[in-house]
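What follows is a structure written as structure tokens; I'll ask about it next.
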Amino acid sequence: MSLHRKIFLSLAIAIVGISSVFISLTHLTVKGSIEAGIKETRGWEITTINNELTAYFLEKNHSWANIQQLNILQNISQDKPEILVMDRDDNVIYKKGNSSRRLVQHLGIKSELKINKEKVGQFFYYDPEISNFNKIMIGIPISVVTLLITSGSLFIIISLIMAYRLSKWLAAPLQKLLPMIDRLGKGEFGIQVPAHTKDEYGKIANAFNQMSKELEQAEVVRRNLTADVAHELRTPLTIIGGKLDFLQLQGKMIKPETLIPLQDELIRLNQLVEDLRILSLAEAGKLKLHKIPTNMLDLAYQFKLALEPIAEEKNISIQIDAQTNDTTISVDPNRIKQVFLNLLTNAIRYTPNQGNIYIRLLKGDHSYLKIIVEDTGIGMEQKHLPHLFDRFYRTDDSRTRDHGGTGLGLAIAKQYILSHDGRIEVKSIMNHGTRFIIQLPYNVEAYLD
């Protein structure tokens, strides 16, 4: 059953139920009010007769014997009063008046005779005025019920029409969304549903649109990843295959030095596979970390000492600026070394001759150590920054595999930092340089790891 029909059925049941209860309560109220009014007009007569009959019953030792001798109506001053008395078995034991028994029972006032809460009989009092009242009492409830049923039916019909339109209006946004969900489930990523309202439906539509965009982006990333991996694997395999074919065609003894290019390509291939394995583990949160207290300032000086020979070839200066004495944090030093080695080698590669590279350590916000790696290199356009940590992403043709690396270095660096509950961001200005900002937490519990 559709949502539209469910809403309509629920509203219809509620409307019919409320209307029925209202009609029944109104009928009972009107009927009870008229009966109370009639009894009030003959209250004295009914009480007098009741007292006289119960006194007679007690006087005769709980018997109605010879009750016909009583003149029960002698003290009643109403015009043409009549009475019908019955015992506990509904047998007529006394009747005074010319009207039929059925008429007296139908239009008279009924009163039970009780002694010690036990019914011993009943009587019906009747006179012409009471008859008219009871006729009115019978007519008014019937008229009221007829009026209520008519007006109630009209109200129910109008309400059901409104409920139908309301349920259709409430379900309309979802009816527009359902086909889009089906299309998305069939792989049509990126589709958008109109979101013209700011209510709950609008929020659902916006959430759907955002999810659709993210799925489209994920699909693009997946396709690009497959293509990139295939491309990165094809090159070394092509080189290896071509070299082996050439050696086979020569039909000569293979000299050891001719195998060096093959070994280089195998090393590159193994590195690519290993980088992909590590990146997958890091993204899945399954990368094992061996954290120990590590002085990041000492680590920075180690990098400076190791990379200065390469930097001096381009007359690049590596400078360290420590603005805090609290530079010891709990990290996996091997993983963190890979992060900064990647950042510093990239900085040297893309910094022109006589440039500068800075490593700054300072106290960040909320108990974080902030480490900045900044260069005065060629910089990058702003459009590249959001994708810089994507797998195999390169900003231009100059960043090809011929310059070394697998295109996974920054992606792995980001995942290493995230694995340490840290943050990494990049800022860059064309022809002015690039700045990588890393924040790693001072985690006391990590010292106990």
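Just so you know, residue 1 is the first one in the sequence shown, and it goes up from there.
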Any residue meeting side chain to side chain donor-acceptor pair (under 3.5 Å) with R277, in chain and number order, not counting sequence neighbours:
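Once residues adjacent in sequence are excluded, the partners of R277 under the side chain to side chain donor-acceptor pair (under 3.5 Å) criterion are E274.
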Residues in salt bridge (charged side-chain N to carboxylate O under 4.0 Å, His left out) contact with R423, at least two apart in sequence or another chain
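Listed in chain order: nothing, the list is empty.
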Is there a donor-acceptor pair closer than 3.5 Å between any side-chain N or O of Q382 and the backbone N or O of S428?
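The answer is yes, because a donor-acceptor pair under 3.5 Å joins these two groups.
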Would you say that M296 contacts L299 through its side chain, given a criterion of any heavy-atom pair below 4.5 Å between the two side chains?
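Yes; the side chains approach each other to less than 4.5 Å.
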N356: what forms a side chain to side chain donor-acceptor pair (under 3.5 Å) with it, not counting sequence neighbours?
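Result, side chain to side chain donor-acceptor pair (under 3.5 Å) vs N356: none returned.
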Minimum heavy-atom distance between G422 and L440, given as atom pair plus value:
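Distance-wise, the nearest heavy atoms are CA-CD2, 4.3 Å.
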Over all heavy atoms of both residues, which pair between N342 and T345 is shortest? Give the atoms and the distance, please.
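Between these two residues, the closest heavy atoms are O-OG1, 3.0 Å.
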If I take atom CZ from residue R101 and atom CZ from residue F124, how far apart are they, to the nearest 0.5 angstrom?
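The distance works out to 8.5 Å.
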Quick one: do the Q319 and D321 side chains pair a donor with an acceptor below 3.5 Å?
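Judged by distance alone, the side chains do not pair up.
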So, D375 side chain and I357 main chain: donor-acceptor pair closer than 3.5 Å or not?
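It does not hold such a pair.
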Would you list the atom pairs, donor with acceptor, under 3.5 Å between side chains in residues 306-316 and any protein atom, with sequence neighbours excluded?
unit_1 : atom_1 : unit_2 : atom_2 : d
K314   : NZ     : I348   : O      : 2.9
K314   : NZ     : R349   : O      : 3.3
K314   : NZ     : T351   : O      : 2.8

About how many Å separate OG1 of T376 and CD1 of I429, when rounded to the nearest 0.5 Å?
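Result: 12.5 Å between the selected atoms.
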Applying salt bridge (charged side-chain N to carboxylate O under 4.0 Å, His left out), can you list everything that pairs with E214, at least two apart in sequence or on another chain?
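Partners of E214 by the salt bridge (charged side-chain N to carboxylate O under 4.0 Å, His left out) criterion come out as none, since no residue qualifies.
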List the atom pairs, with distances to 0.1 Å, where a side-chain N or O of residues 333-340 and a protein N or O form a donor-acceptor pair under 3.5 Å, not counting sequence neighbours.
unit_1 : atom_1 : unit_2 : atom_2 : d
R335   : NH1    : Y416   : OH     : 3.2
Q338   : OE1    : Y416   : OH     : 3.4

Could you work out, with ring-ring contact (aromatic ring centres under 6.0 Å, His included) as the rule, every residue matching H387, not counting sequence neighbours?
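ring-ring contact (aromatic ring centres under 6.0 Å, His included) list for H387, sorted by chain: Y393.
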Ignoring hydrogens, what is the shortest heavy-atom contact between T324 and D326? Give both atom names and the distance.
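Here T324 and D326 meet closest at OG1-N, 3.2 Å.
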Run the side-chain contact (heavy atoms from CB on, under 4.5 Å) test on I191 and F208 for me, step by step, so that the C-alpha distance in whole Å, both residues' side-chain angles and the decisive distance to 0.1 Å come before the verdict.
CA-CA 9 Å; I191 57 173; F208 174 84; 4.3 Å; yes
What residue among T434, L410, I437, L343 forms side-chain contact (heavy atoms from CB on, under 4.5 Å) with V426?
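Going through T434, L410, I437, L343 one by one, the side-chain contact (heavy atoms from CB on, under 4.5 Å) with V426 is satisfied by T434 alone.
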List the steps, then state whether side-chain contact (heavy atoms from CB on, under 4.5 Å) holds for K370 with Q323.
CA-CA 10 Å; K370 182 182 291 186; Q323 301 179 17; over 6 Å; no
Nearest heavy-atom neighbours spanning L184 and M211:
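What the structure gives for the nearest pair is CD2-CE, 3.5 Å.
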Can you tell me if NZ on K304 sees more than 12 non-hydrogen neighbours from other groups inside 6.0 Å?
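More than 12 heavy atoms, drawn from other residues, nucleotides or ligands, come within 6.0 Å of this atom.
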All salt bridge (charged side-chain N to carboxylate O under 4.0 Å, His left out) counterparts of E374, not counting sequence neighbours
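So E374 forms a salt bridge (charged side-chain N to carboxylate O under 4.0 Å, His left out) with R360, R435.
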Check step by step if side-chain contact (heavy atoms from CB on, under 4.5 Å) holds for L107 and Y126.
CA-CA 7 Å; L107 298 179; Y126 173 87; 4.0 Å; yes
Can you tell me if N325 has over 12 outside heavy atoms packed within less than 6.0 Å of its CG?
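It does not: N325 CG has 12 such atoms or fewer within range.
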Rounded to the nearest 0.5 Å, what separates atom CG in L341 from atom CG in N346?
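Going from the CG atom of L341 to the CG atom of N346 covers 9.5 Å.
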Could you grab the distance from atom CD1 of I320 to atom CD1 of I359, nearest 0.5 Å is fine?
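Result: 5.0 Å between the selected atoms.
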Could you list the residues that satisfy side chain to side chain donor-acceptor pair (under 3.5 Å) with N50, not counting sequence neighbours?
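Residues passing side chain to side chain donor-acceptor pair (under 3.5 Å) with N50: S111.
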S212 side-chain N/O to Q192 backbone N/O, donor-acceptor pair under 3.5 Å:
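A pair under 3.5 Å: no.
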E129: what forms a side chain to side chain donor-acceptor pair (under 3.5 Å) with it, not counting sequence neighbours?
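Partners of E129 by the side chain to side chain donor-acceptor pair (under 3.5 Å) criterion, ordered by chain and then number, come out as R42.
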Beyond-backbone contact of F389 with Q415, side-chain heavy atoms, under 4.5 angstrom
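Side-chain contact under 4.5 Å: no.
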What's the separation between atom CG in L361 and atom CD1 in I329, rounded to the nearest 0.5 Å?
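These two atoms lie 9.0 Å from each other.
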Would you compute the distance between atom CZ of F436 and atom CD1 of I424 and round it to the nearest 0.5 angstrom?
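Going from the CZ atom of F436 to the CD1 atom of I424 covers 6.5 Å.
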Output all residues satisfying salt bridge (charged side-chain N to carboxylate O under 4.0 Å, His left out) with E381, sequence neighbours left out; order by chain, then residue number.
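So E381 forms a salt bridge (charged side-chain N to carboxylate O under 4.0 Å, His left out) with K383.
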Got a donor-acceptor contact below 3.5 angstrom from the H432 side chain to the M430 backbone?
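A pair under 3.5 Å: yes.
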Contacts table for residues 112-122: side-chain donor-acceptor under 3.5 angstrom, sequence neighbours left out:
unit_1 : atom_1 : unit_2 : atom_2 : d
E118   : OE2    : R88    : NH1    : 3.4
Q122   : NE2    : D90    : OD1    : 2.9

